[in-house]
Structure formats: structure tokens, C-alpha cells
**Q** 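Please read through the structure below; I'll follow up with questions.
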Amino acid sequence: MKRYSFLELAKNAFSAHQNWGRQWRAPEPKAEYDVVIIGAGGHGLATAYYLAKEHGVRNVAVLEKGWLGGGNTGRNTTIVRSNYLWEESAALYNHAIDLWDGLSQELNYNVMYSARGVMMLAHTVHDVQVAQRHIHANRLAGVQNEWLTPEQAKEYCPPLNISKDIRYPVMGAALQRVGGTARHDAVAWGYARGADDMGVDIIQNCLVTGIKRGADGAVEGVETAKGFIKTKKVGVVAAGNTTNVMDMAGVRMPLESYPLQALVSEPVKPAFPCVVMSNTIHAYISQSDKGELVIGAGTDQFISYSQTGGIHITNHTIDAICELFPHFRRMRMLRNWGGIVDVTPDRSPILSKTPVSGLYVNCGWGTGGFKATPGSGHVFAHTIAKDEPHSINAPFTIDRFKTGRLIDEAAAAAVAH
Amino acid sequence: MSQPFRTEKGGRIDRGQQLTFTFDGEEMQGHKGDTLASALLANGVHLVGRSFKYHRPRGIVTAGSEEPNALVGVYRKGDQTPNLRATQVEVYQGLEAISQNRFPSLGFDVGAVNDLLSPLFPAGFYYKTFMWPKAFWDRVYEPVIRAAAGLGKPPKNPDHDTYGNIYAHCDVLVAGSGPAGLAAAVAAAETGAKVILCDEQAEFGGSLLSDENATIDGKPPAEWVRDTIVKLQGMDNVTLLSRTTAFGYFAHNYIALAERVTEHVSDPDPKLPRERLWQVRAKEVVIASGAIERPMVFPENDRPGILLADAGRTYLNRYGVKVGNKVLIATACDTAWQAAFDLADHGVDVVAIADLRETPPENLVAIAQARGIRVEAGCVVTGTLGRKRVKAALLGRLMTSGQVASAGQVACDAILMSGGWTPTVSLYSQSRGKVVWDETVGAYVPGKSVQHERSAGAAKGLYGLQATLEDGYAAGEAAAKAAIGKEAKVTYAAASGGEAGQGAVLGALPHDRNASRVKAFVDYQNDVTAKDIKLAAREGMQSIEHIKRYTTTGMATDQGRLSNMNALSIASGALEKPIVDVGLTTFRLPYTPTTFGLFAGVARGDHFDPVRKTPSHDWVVANGGVYEDVGQWKRTWYFPKSGEDMHAAVARECATVRESVGLFDASTLGKIEVVGPDAAEFLERMYTNPWKKLAPGRCRYGLMLNDAGFIVDDGVIGRLADDRFHVTTTTGGAPSVFATMEDYLQTEWPDLDVWITSTTEQYAVAAVQGPKAREVIAPFIEGIDLSADPFPHMSVKEGTFCGVPCRLFRISFTGELGFEINVPRRHGKMTWETLAGEIEKHNGTAYGTETMHVLRAEKGYIIVGQDTDGTVTPQDAGMSWAIGKKKHDFVGKRGLERPDLVAENRKQFVGLLTKDPKVKLEEGAQITVAQNPATGTPAEGHVTSSYYSPAMGRTIALAIVKNGHALHGKSLYVPMPDGSIEVEVTSPIFFDKEGARLNV
Amino acid sequence: MLLIYCPYCEVERPETEFHNGGEAHIARPADPSKTSDEEWAEFLYMRSNVKGIAVERWRHIHGCGRFFNVVRDTVSDKILKVYKVDDPMPDLEALAKEAGR
Amino acid sequence: MSDLLANDVITPDAGETPLLSLPDVSILKAAPMTRLSLRLRKAAIPAAGEAFGANLPVTPLGAEISAKRAALWMGPDEWTLLAPEDELQAVFDGIEAKLDGQPHSLTDISHRSEALIVSGPKASWLLNTGIFVDFSLEKFPVGTVTRTIFHKSPVMIWRTGEDTFVVEAWVSFMDYVAGILVESAQELAAA
């Protein structure tokens, strides 16, 4: 693999950039692999990368029904943070943060991880209590997170409207300075390039149509649009389509897939320095390097695989943004799109072995999977390679829905009074 | 010098109305009917902006909403709106426009250095560098990139304009008012169908407004348009919306339109909304969005003065503006020849027509020759000269070998180009239809309809005036028939002229220049060149989506409307795959950029979300109460007297309630009337507690779980009669409790004879709490004996308060003697003010939610959502007593039996007392066994509530702690940044453990 | 925003008047005490999450308040059939065929 | 307003000044009235109507009106009964007596909501600024009553005349509903 650097770029300028090689190959599938990953999104590609890099498992195929990075990886609002409440969650997301820091160098691909800070606004007494609880829990867990008064929040994010006269005045904010954004496509491409370089076959336009199990119930291979592929280990990393893929192996999942919308404005000069999220009034916003305001909306209320959503969701998202940042009312929406997010009952992911031997599943990231990409891939690779979970993902089983040991991030933000 | 490029006559502008406007501070003249673009061109201004990446000088390219270059900021009321297309901005008296993305000026832009450095900045260069040193990315590189990126400057001040909204229904929505759209609207309207016709432009007519050669029914097209519009205006069933863009096509034939109401007016009436969102449910939609012309991809095709041929014709015929004095036509398509003829007829020197084709149609050549225009067949532009304005073009001759031989240079001050036409399939694509490649049209056209829509005319690749009109009529008839089942006899208008043009080209054109040195732009705004697309393909980007994302082609503010087809073609060549195998990026909404304010509409301030107030509101405001937001409700938080802070006010309120009496507004609590013979059975199933034996006139605390076994709500429930219960819920939980009850009732137990009715707002509730509570209410209550024996703690009776009916509860959330007076809401203000007056006499106080929280915490009562968080069971909360032990089932019972819910080490509800009684714990603080736990130590639990307790004369706290019930008396720690706080685990009941004060 | 026919009000109304109630025909076990932990988890959490023809509950919360069932293609969001709670589940295969899937 | 339905039940509140008074649309607050929510099984419908003094409509979104009485269809087993304010107890007791022994639920909701009377040629236009219901006379004839959503507030709409609508909302939502209606009507006053 040709290493990327400024020097290399300058050198190639002299040859009119005619000599850059492929970032990844377009191989035909082999008859057999040690591991087959279903889904070439960020999580799937990261899994393959770490399988090769950390575990020496290089005879790996990543099968993708469309184009790599084309699902939620390429459709999300690119927020990175780890200030989750429960120790289990914080450990998982913080593991990812540790990997984000240095990921560009690790992959030799600029993923543009920008620790510009993620600020989560509190608008009510209850919000303040919840935020404080997060901050205290995070401090004990070694996760950076701090409390800002409205004035401090305004100083950190000057466009913020901290007037007492708005419908839900800002009472303060939790700020995670190491939180921020990264360039979504670059994450998928960087992992793809790195994995490919170590021998992983990334096979695009290759729909999986079946998972073959032997007499003992164990996985024997996958049926695909490009023929049968033999393998003893299958890792399903199919986000919104997980239920359907797991159905092929006869495993029922506690998942529902919802449309999630996001949108960007036309690009403008720097207008917004960080990421701001508000759970109470349902909006989050940042500005991309290109200058677009990147705004996340909520999910529609019904299951759908349409990758579109209703305008009422957009209306509510934008009215919330305009309430917090009233001068953005004259900005204009450039593009709106939708993804399919797979949501578990406790809003925490499943990263786990399954009742089927040789079948592993990584799903349920809901609206927040992008931030976990490196950490998720890292521990999932461990789980597949060792046939047992890494200590970090050990709590994220399917079984927890039977026993009741939920990791309930949604409940922890329950509405009070 | 005034408008040197304005024609002598012609055009649709109002020459009688001269308007003054400024561009970058320079004053210029235009006319009513001008766009900013046409007015600038009339003044000879082509250079209007700088490109995104290389900051190259750019000019106006189009005459429509697809304009990629001419983006301007418009100042109004001291603030600017960025990125408006000069081709859409209508000139009004005093319009102030500025150019963007340049510093210090449009003419001299330091950012243009990027153009010189461009060899270093190929597609995706930023993925390959800026990685060292690591810390430099977000501190050094990124800020520089950000400052250079972006286009216009963001608005600075809050927007005071208003935005309207209208929900509309129609039988047939027609989007676009060119020949096909107008014909469709007429045909549909004739059947009596309700029709909405919208067009993004100020005037209806589309391409007909710039056609001076054809006739329809013997009239010039513009005249036919006028007559047709007059006719439609006269029909009650037709709504005409100009300046209205159909920007979004959603599921179930739901279409969003953006109407610009005042933006074109110099001094609009502030009562009018700036824009209006139309949300239309249409039975059928006719998409008549036309087609747009394609640029040609030749080296230096981006210089100011290079426009699309049809734009040149539009500026001439519609706006009376010549794009130049010496114009070169570069084309591969017949239609551009008409532009040449029109220009020549207006006295413009058409220096040559360079047609890519070896043999352009003879009739066209003959007409050109008759006008003395030089015709170069098999000829291609291979480059251009001029920095801020094109001054010459290099021509090349296509050889049979495929090579290009230089054919000299031709001086010109404008080039009009045409690579053919691309149907506008955005709306169709948004409707989730799949476009299909049509080889004869040489474009993607709409395929099968997925929703109730049909495309008509050029939007589906059908060209030629007569054919377009006919297709429009047919589409309108078909749409009306599908919508309302009616047909009408429509006389089709007959056209002559406006024939469909032949010929087209896709992708980069051959040239004889040094390929590594020249730039042929595909996406103007984002500075994507043919080379960039080829590089992406070389680097393994195989999907068009990858190429788009890697090069950013098609991601500019025109969303690829000009560039997509050329990009696809170049990618197809580079990947050696047929164009259809390269794929097509999805058209996303909005069709053109759409103002945020339009989506937000009236939702701002108090109209952002309903502000729900209780009847005490006016009194509270008058008495200085401080509100907190609880859901949509305003609840009084505390009542500071002058000079008091929150702490002092709450301490006083707490003490007063315990000493004498307090008045609290409990109106926001949810109330549900459960009525019917099976009412008790229903509650038996919904709540953990037993209800069947509760006597009428008595109350009980009820605990509600979800079927997973966790606490979700609580409240006091009073039995008014055998078949009638008054249920209370938490304030925030009211809607969800009601919905949950309906769910079980309708879908699990439809056989039960019981109904539920929300009465939250039927009653206002005043809680009078404290030793003197009875004395306070006694003077006003009739029909109820308030003494302890007939009316003990946990009772409910109906009587009157000041003569109005009331439901009086004897209940307490404070641990004191307490009453809650429920009166019909309209009497709530009177009730509150009467009681507020009365408590004064007893040295009592009104108190807010904070004091309520302290008082209940002293008693160890939980607040659902604060002391519980959706993971707490009744056992965890120490409330096993609330579970009806003999009940076979209730919601949550089975869930409670799951392994983890009965496991050891669950977190349980306890009290905490700090060793130092003055130290108040922070809510949310974590609890550990170790005094100084190492980072990463799992917490034993957390502080859920923490207050200064006046009754205890010290701080108190509530918490959930692992195995807490077994730890009473033990020490734990609350590690804080400035040191660890030692706490003792206690019972959560701090005050009046026996409850003696309740039963008086 | 979907347009949903309410079989009780007998009119089509926009989605915002309705609340989605999740997968239809998941009955709460008649005697929960007799269910295993697996069965209870199945009732609580396991969902078909169908990509294609799905059957779901909607409540006309800002209308008549009634629950009813809807057959919807979750890929196109087209509604194929609406029926009352006490009506039997329609033949999904026939509906799918009719819808051309 | 003599041509309007139920004008002996729905009357403008005499003490209130109009919230809005434009040539094309006006908004008046309605005076208090008796409102009861009645729920029952099919068999009890005739008896209930008899006791109330107006039949319970069984046509969806329908209303039945007689002197000083209006029965509004809210759902297949749910009706809102309207009567003059001072007849609450009499109406309540009358129905309870008649339905004794038949499963039902009768609940006083007189104070739960407030009503506006929105009238004028632009009344339906004004409602459509916040409500997605087709108010054309073919689709929403005089007499039609329905619950729906106005922006972010639940409301009840009852068409009592070609150009007259009763708009009800829960009391705490009324400021929001009335406020937005008045704001949205402003453009009708533009020059």
C-alpha cells in the first residue's frame, strides 16, 4: 500500500496524479473464508480490519449488497462522543474515543476526527439532574464530561440563544470536549483500504440470500448473489437489515427498524463551532468542514425501510433549531435524506454471540452508531476471533432481554414528575 | 453608463419602471421584471462570484434555479441572506446584493492562490494529508480549511420575518407551467377537478416566455400563456401559485411547496409572511418540470461570459439583454442554433457556430448562412482565454482518428454552449420512482409510477412544442380521470414552430491541450473537473455514489442538476462500464434550497410548544413566583419574598408548611376518571395494588409498572362509587398512562365494561397542607364533615367549596395533615385566591415544586422519574407493600419474576446522611465503597434527591444503592472532584417515621 | 406524512392524528405466570420487524381514539389494508400479490 | 347567527371582546356550556338518546341536534353531549337514571375545554393554516365534527355553518390555539 502523505501528494502532482493506486480491490469471492462479515458499513469494515490487524485473521470477506459505506455510515450526522450514563455504555464508547484519537494515523487516512466538543443542553430541572448524573458517573468511569452554566455554554458556542424568554430556556449544558465529529465516508474508506491491504476481500454488490447451517446447527456458509461461500464464522453487521439477515439463520431479534432523517444547509462561512444536542426539544446540529450546517432529526414513529421520512419530522427538527439559533431561520436546507436505524428495547446495542454456533451479531445502534465505529469493530473482531466477547462488550448480549439485565440508556433519561 | 447590453426593444421587462439596485456597493439600473442576473448582464457584469475550492472567477451560466455560480448575498433590514441565486432574485428598488466567497474583493481574491496550487488539491486530497502532527488537524488545518470553505456569510441577527403555512387538498397538482404544465392544468381544470398549478418563477409560462419564433393557436407563445392564465384565473376550481417551488414529494402523494410571498417586494407589508409552506395532499400529480440544458465539458469552460445557449436566448427574448457583443455558439444540439439566430436578429455579432457534429442539419446551416454566420462543423472548443471575462476561444477540428487539430482562435466576449438537454426528474425521483435510461433521448427519464403521478413533456424527455402541449393535455386529462373519474372535451391548442432539436453530447470533449494542465469543469461550484472523476475511478471508486462523495461532484447547491449527466458519462468512460451500470445518485429533497423558517413556521417563542398554565397563573405572576418547565406545563418552582434566593425561599416555605400551613397548585397532575361496572377489576390489572376491597370514599396510593416489571408511574386513586374511580398520575406521565390504559383496555381486555376519560383539565387542584390545613379550608367547605373520624387520612368526598362542587381528598405528599381540593377548572382561580387569602391569616405560605420535593423527601416518598429511572422495581424502591400479594396477575407481575429482577445486588432505595450535616450532596453524584476509588470503579449507586431539610435541621439525601436495604447504618462515600464525602446509609424516611402528623 | 384510513371514523387522515402501536397480533399471554422467561421476552421484545408486508397497530389518538390494524409495505410505505381490531388478519400473501410484490 | 346549528348551546361569550374581527374572519370565545362524555355499548344508545333529549349519532363524525341539546359523535362508543351550562346536573342525573343497570360511563368534562367560534368566508382557510383536514363542503359538510391536530395541539372542530366552525381545545392549550389563529390571520389584514 502506498502511504499517503503531503510529500506523496506533491510528488504525484508532478505526474498529474496519474499514478495513485486503487484504495481497495474489487475481487470476486473465493470459495471459502475463515470469516464472512455481512455488511460493509463502518462497523463491518472496522471488524474486518481488526480481525486482520489484531488477530491475524486475514482470510476474511466483507459482503455488501450495495456499495461500501452506503448505509447509515454515509448518512449520519457524524457525531462522536462517549458521555453515556451506564458504565457498560461509557466503557464501550470511550473505547471508541480512544481509538478515534489517532485513527487517521493508524489508518494513514485522514478521517478528520475533530474534537470540537459536544454540548448537550439542559432545559428543565429534570434535564439538569440527568446531565449532572451523567457527569458524575462519567467522572468516576474516567470519561470526560463537564457542566457549563448558560453563560459558559454561550461562551463555548456563541450562536446559542440563552435568553430566558425562549420557550425552553437553556439552564446549562454538559460538555464533552473530546467529543466532536469525523468525516463519515473517510472512516469507511480508511478501514476498507486498510483491511484490503491486509488481504480482506471487500465484495460489493453481493447480496446475501441465505445462511447455511449444518446438522449440528452451526454455520456452514452463506448463499449470495455471487454464489455459495463456505465459512464457519459469520458476523452480521447489517444495521437496519439485521432482522432479515438473522431470520436467514432462524434467530429472532429484539429489533425494530425506523427511518431517521438528517439534513444539511447550504454551505456558509464558519458559523458554528461545536456540536450541540438537545434531547428535550429534539435537535442536534454541527457545521461540517465544508460549511454546511448538519442537522439531525428524529425517527418516524413506524417501522420502515424506505429511507425517507415525513416532512413533519423535519418541521419539528428545524423549529427546534431555529428556537435555539433564531438567526438560522434565513438559512436554507440543501439536502435531506434518511437512513434506517435498528433500535433495541433498551436503546443499547447488541454485540454478541448468538444461539447459533459460528454466528455473531453486531446491531441495535439506533441513532448513534457512528461514534462507536472503531470500538465496535475492535471488540466485535475479538468476539469473532476468540469466540468469546471482549470484556467491554460482554454485557451487550441478546440474553439480557430474557433476564432483564438491560442497559437502559433511554430509561435513564426518563421524564420526571 | 446605463444598461449598455439592454436591447432596444422587446423582452417582458417593464421598460417604463426603472429600478436602482446595488451589487457590491455599485449602483446600477434595472427594470421591473428583471432578475438580478438579467439586470447585471444588462449592465455588462458577468463576473459575479468565486468558486468553492479554487476561488476562480465565475459568471452567470443559466437563467434558472439550476444556477451553480451566480450565488449572491442579499441585504435586507440590516442582515443578509446568503447563497441566493441571482437568476432567481427579482430586482426591486433598492435591492442590495453582494458577491460571496472572496476576500478582499470580487475582483481581487487572495483565495485565488488555491487555483495556482490546484495541482496539490486533486479530488480527495484532504484524505491523504493533514495527518501530521496529529494535534494539528483540529487546531491548524481544519480552521484554515473551514475559513476557506463555505460560500456566503451566515445571517447574524434573529430573523423577524414570519412564515405561513397552509394545508391544502386537490385532485390534480401540476408542478411547472411551461407548455406541458399549462396544457395539463387546462385539461384537468376543464373536468371540474380541483387543480393547483405552481411554478417556481415569477411568471407562468416557462420556456414559452422566451420563445419568439413559434406560435400557438396562431398567437405568439407569451400571448397564449397570458390568455390561458386568464382563463384559469376565472375558474373557481383552480389555484394558481407563481414563485412557488414544489420542493418535496413525500409518501402518499404528499407534496410540499414553497411560496415566496414578499421577497420580490421592495417594502413588503410586515403582516405578510415572507414565505409560505404549502403542504398539499394531491390525488394525482402532473410533473411538468421541463428539461435543462447541459454545459459542455471543454477546458476553461468556466470563465465569466460562458453561458448555456438557452440562457442566452432567455436573457435576450425574455429580459431584453444581450449576453455579449461578439458571441460564439458552441454546441452539439440544434436548439442552440436558434439562440444564434435570435441574437443575430437583434444585431449581435455571432462570431461562429462551432458544432461538434460533422454534419449539422442543412436547414439550420442554410439559415445561418443567410444571416452571414460562420458555421464550423465537426468543431470543438478546446480552451478559452480571459481572466474575469472570456475574450477568446480556441477551436479544434475533430479528426476521424479521434484526435483534435487546432483550428485557431476566435475572439468573443461570450460563449453560448449546449450539450443537449437533461429532463428534470427530481420530483419523480423523490416520489421514489426509478428513472430508466432512454438511449434515444440520451438521458434518464421517469420509469414506472410508484405514486399517483405522471410526468409530462420535457420532464420525460419529450421535446418539441406541439408534442409537449399534446402530452400535457393528455396528462391533465388522465390525471383528472384518475382523480375524480371525469372527462371533459378539451380542445388542444395547435403549435407551429418550436420543433424538437436533435443532437447531444455527454462527458468531457476531446481537445489538443496538455491534459494534465487544463481544467474542464464538470461541477462548477465545487470545482470538480473531468480529471477528478477519472482520478476517483482510478483509485477504486466504482459506484457513482463513491465518485460523487470522493470528488464532491453533484454535491453543490445545485445538487448536480447541471453536472450529473456529464459526471456519469465521464465515470462510465473511466470505469469502462456502460452508463447504466455506473448507477445514478438519488435525487433528494428539496428540489432547490428551502428556507429553514419555512419549515419552522409559526413555531417560535410561546408558539414553539404550547405553554400550559394552571388557573393560579395570574396570582403566581403577581406574587413573584418563579416557574419551572415540566413538560409543556409551567409549574411554580418557588415563591421568593423580596431578597430571598431559592434556598432561603424553599427553607421558609418548608418550615411554614410544617409549622402552620401551605398552599400548593397540584392542577397539573394527570387525572383519569375510570367508570363502569368493571372499574375495580381494571385497576386491579393495571396497578400493583388491590382495589376491589377499597370502599367508596377511600383512597389508596397506586403503583404502576410496565410489563417488564419496572415502575413507570404512581398516584393516589380515590373510589367515588362502586363503579367510579378518580385516578391521579404524575404530571409528565399523564398522557402515557392514559394511552397505556387504553391500549390494554381496547386490545387485551375489550370484554371489560369500563371506560376511561381524561379529567386532568376538568379540575383545578389546590393542595392545602400543614397542621392548620383543616382550619384553612373549613370555612369554605360545605357538605363534608372534615373531622378525623368521618374523614380520615386517605379519604375522598364530594361537597362544595364556596358553593361550587368539589371533590375533596384528604391526602398528603408532605407528611402533614393535607387536603386536595378539586374544583371544576373555571372555579380554580377563585379557589386559589380564596385559599391564598385565607392562609395569610394563618401565617401560611404558598409553596412550589421545590418545597414539595423537600417535604416529600423528608418523608421518603419517591418521585417517579427522579428517584426511579425506568430500571427500578417496587422491591428496589422498598415498596413491596404496594403489591397485592393475592393477585394472580397485574401489569408487570411476570416481568418482576425474571432472573435479573430477583437477583442479589440490586440497587435499592435508601436515605443518605452526610457525616457533616452541612454538606449537601449533589443530585446524580455517584456512591462508592472506597473513599478514593480508582477511575473505572463501578459505582454502588447514585444520589437521586438531595436537599437541605429545615425539619431535620440538616441536609438529607435519597439514593439507590446496591443492596441498600441491608446497608442501613453503614458508611459509604460520594467521591467529588474536591474530595470524597462520607455518608451513612439510612432509612429513606427521615421525618415523623410513625406518621403521627398525618392522622390528626 | 402518511395518509391513513380510520375504519371507525371512515375517513382518511394524516399520520399526525395517529399513534403507531407496533406490531399487531401480539397477544399478552393469557396466563403470564405460566410463561417461561423466553416466552415472556418474546412477548415483550422480539419483533418481526418485517421488511415487506407488515401488520401493525395504529391508534387514532387525535380522532376517535380507537386502535385498529394496518397492513403496510414497509419498503414502499404503501398501505394495503386497514381493518378493525376484532377482524381477523387478512391473507397477507394475497394482499402482497395484489400489490404486485 | 340564527342560521347556525345549536345556536342555543354554542353562544358567544357576552363578556368577551372578539379575539379577532376582520372582514373575512372573526374569532369569538364561546360561553361556558355543559359538556359530558358518554361511553356505552350499542344496546344502550337509544335509551341514552331519549334521556338526553337528542339522539346519539351513529354516523361517524356526525352530530344530532335538538332544542338546547347537541350530541356529537367522537368515536364508535363515545359521544360528547352539549347542553346549556345550568342544565348540567339535570342532564347528568337524567341519563344516569335512565341507564341504571346498563354498562356505561358518564363523566363531566364541562370545564376541560373551551370553545372558539371561527366564522367568515376565510374561516376554513384560517383553520387550514394549522389543520390538515379537507374542509371543502363535499368532504366536511355542515354538521361534521371531529377531533384533530392544530399545529401541536389537539383540537375538536365542529362545522356549524358553511362559514362557521366551533374550535375546541383543552383549556391549557387554548392560549396556544387562539394565539396562532390570530397570528396566522394577520395577513388577511395586509394592504
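Here is the naming used below: chain letters follow the sequence lines, and residue numbers restart at 1 for every chain.
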**Q** Applying salt bridge (Lys or Arg N to Asp or Glu O under 4.0 Å), name anything that partners D:Asp108, two or more places apart in sequence or on another chain.
**A** none
**Q** Checking B:Tyr163 against chain D: side chain, backbone, both or neither under 4.5 Å from a heavy atom?
**A** neither
**Q** Of the backbone (N, CA, C, O) and the side chain (C-beta and beyond), which part of D:Thr107 lies under 4.5 Å from a heavy atom of chain B, both, or neither?
**A** both
**Q** By the definition side chain to side chain contact (heavy atoms under 4.5 Å, CB included), identify the one residue from B:Asn165, B:Thr262, B:Ile166 that meets it with B:Arg276.
**A** B:Ile166
**Q** Identify which part of B:Leu720 has an atom lying under 4.5 Å from any heavy atom of chain D, answering side chain, backbone, both or neither.
**A** neither
**Q** Checking heavy atoms, do the side chain of B:Ser667, its backbone, both or neither come under 4.5 Å from chain D?
**A** neither
**Q** Can you say whether D:Ser184 sits under 4.5 Å from chain B via the side chain, the backbone, both, or neither, judging by heavy atoms?
**A** side chain
**Q** Heavy-atom pairs under 4.5 Å with chain D are the metric here; pick the option from B:Thr760, B:Val754, B:Asp753, B:Leu277 that has the most.
**A** B:Asp753
**Q** Heavy atoms only, distances under 4.5 angstrom: which of B:Pro824, B:Pro615, B:Pro805 has the most pairs with chain D? Name it, please.
**A** B:Pro824
**Q** So which of D:Leu127, D:Leu188, D:Leu106 has the largest heavy-atom pair count under 4.5 angstrom toward chain B?
**A** D:Leu106
**Q** Which bit of B:Asp678 is near chain D, if near means a heavy-atom gap under 4.5 Å: side chain, backbone, both or neither?
**A** neither
**Q** Considering only heavy atoms, which portion of D:Leu126 lies under 4.5 Å from any heavy atom of chain B: side chain, backbone, both, or neither?
**A** neither
**Q** Counting C-beta onward and ignoring hydrogens, is there a side-chain heavy-atom pair between D:Arg147 and D:Val155 closer than 4.5 Å?
**A** no
**Q** With a 4.5 angstrom heavy-atom cut-off, could you sort out which part of D:Val133 is near chain B: side chain, backbone, both or neither?
**A** backbone
